[in-house]
2 protein chains.
Amino acid sequence: MTTPMLTKNQSLVFDILTRAEAPLSAYTILDKLRDQGFRAPLQVYRALDKLLEYGVVHRLESINSFVACAHPHEDCHSHGLVAFAICESCGQVMEFHDHEVDHRLMDWLKSQKFKAEKSTIEIRGHCANCTA
Amino acid sequence: MTTPMLTKNQSLVFDILTRAEAPLSAYTILDKLRDQGFRAPLQVYRALDKLLEYGVVHRLESINSFVACAHPHEDCHSHGLVAFAICESCGQVMEFHDHEVDHRLMDWLKSQKFKAEKSTIEIRGHCANCTA
DNA sequence: ATCAATTGCGTTATGCTATAACGTGTGCGA
DNA sequence: TCGCACACGTTATAGCATAACGCAATTGAT
Ligand SMILES: [Zn+2]
Ligand SMILES: [Zn+2]
Ligand SMILES: [Zn+2]
Ligand SMILES: [Zn+2]
């Protein structure tokens, strides 16, 4: 998918996420954008929906938060499954892709005749900096 | 971890999950247990916390629901990462374990000096029965 | 026996996450 | 000009999860 021009609200949300050093919840984004005129959660969620659709933002299901894609110039939808390592101390997220894991999972699903549509791979723990 | 005797509330919650054909949300469980005297969400969440700790129940982060472990006589904490395929039509969940995927992810994390603690692997899509 | 610590339980209140439903305005092609 | 698609704004509501309090039963040490 080629990313269309972002609307004003989409740009505001995307900029916040791009500058953030950790994933943000929708309500945190809302708070950060109150000065820019944001008033209601839907303004954030609607922008996020589009950004997710365009593949420039990822949703982290295990922490109900959102993060800008770490590979902005590739297409995260084309290089298969995306995995995240999330530090529970500092919040930092590492995003990575692995075709081996990808194929292995897909083969298993295929053997079960399961048609995969969306995937979530998230590992929580502690990053190098935060490990004592 | 060896599973201790379950308390009354834990048993009630576990039985509901064991008999369910699809994952249940905490509030759905609450509704199903009102006749048994359940009144508040905490009664469910507290039981779930223990069942998760014992490893006999899994939480599906992507759908805010809970499911009984499909491998009750193994120890899901010992055979590495657990993955789930969740059908978005009928709700059925397939639980599986794959050491290949496991090692591959763990190797990557190790190379990043990331200390993994909890993992979430969930694939949403459509099962064989529900595929047109 | 007594005390302290632990664990489970029940209740009320609250907070966080997400969507429904309605209406407005703008741009654009038929 | 009409109809449609889309972004937007607002209010209200639904759904998920925990804080904080107090009580009761159990256990284990003194
Ligand atoms: Zn990405
Ligand atoms: Zn860290
Ligand atoms: Zn299991
Ligand atoms: Zn199905």
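Order of the sequence lines sets the chain letters (A, B, ...), proteins ahead of strands, with each chain counted from 1.
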Please state how far atom [atom1] in [X] lies from atom [atom2] in [N], giving the value in whole angstrom units.
X       : N      : atom1 : atom2 : answer
A/Tyr45 : D/dA12 : OH    : P     : 19 Å
A/Asn64 : C/dG15 : CG    : C1'   : 13 Å
A/Arg39 : D/dT10 : CZ    : P     : 7 Å
B/Asp49 : D/dA19 : CG    : C1'   : 14 Å
A/Leu42 : C/dG23 : CG    : C1'   : 14 Å
B/Leu52 : D/dT18 : CG    : P     : 11 Å
A/Leu48 : C/dT19 : CG    : C1'   : 14 Å

Contacts of type salt bridge (charged side-chain N to carboxylate O under 4.0 Å, His left out), residue A/Lys8, not counting sequence neighbours: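 So A/Lys8 forms no salt bridge (charged side-chain N to carboxylate O under 4.0 Å, His left out) with any residue.
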Kindly write out the residues that satisfy salt bridge (charged side-chain N to carboxylate O under 4.0 Å, His left out) with B/Arg124, not counting sequence neighbours, or none if the list is empty.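 A/Glu61.
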Considering residues at least two apart in sequence or located in another chain, which fulfil the side-chain contact (heavy atoms from CB on, under 4.5 Å) criterion with [X]?
X       : result
B/Ala20 : B/Leu24
B/Gln10 : B/Leu6, B/Thr7, B/Ala47, B/Lys50, B/Leu51, B/Tyr54
B/Arg46 : B/Leu42

What pairs of residues pass the side-chain hydrogen bond (donor to acceptor under 3.5 Å, both in side chains) test when at least one of them lies in residues 11-26 of chain B, not counting sequence neighbours?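 Non-adjacent pairs meeting side-chain hydrogen bond (donor to acceptor under 3.5 Å, both in side chains): B/Ser25-B/Thr28.
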Pairs under 3.5 Å (N/O, protein and nucleotides 6-8 of chain D):
{"residue": "D/dC8", "atom": "OP1", "partner": "A/Thr7", "partner atom": "OG1", "Å": "2.9"}
{"residue": "D/dC8", "atom": "OP1", "partner": "A/Asn9", "partner atom": "N", "Å": "3.3"}
{"residue": "D/dC8", "atom": "OP2", "partner": "A/Thr7", "partner atom": "OG1", "Å": "3.4"}

Using a strict heavy-atom distance below 4.0 Å, which residues from residues 18-33 of chain A are in contact with DNA chain C?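 By residue number: A/Ser25, A/Tyr27.
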Close aromatic pair by centroid cut-off 6.0 Å: B/His58 and B/Phe84: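 Between B/Phe84 and B/His58, which both carry aromatic rings, the centre distance is below 6.0 Å.
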Would you please name every residue forming a ring pair (Phe, Tyr, Trp, His ring centres under 6.0 Å) with B/Phe38, sequence neighbours left out?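 B/Phe38 satisfies ring pair (Phe, Tyr, Trp, His ring centres under 6.0 Å) with no other residue.
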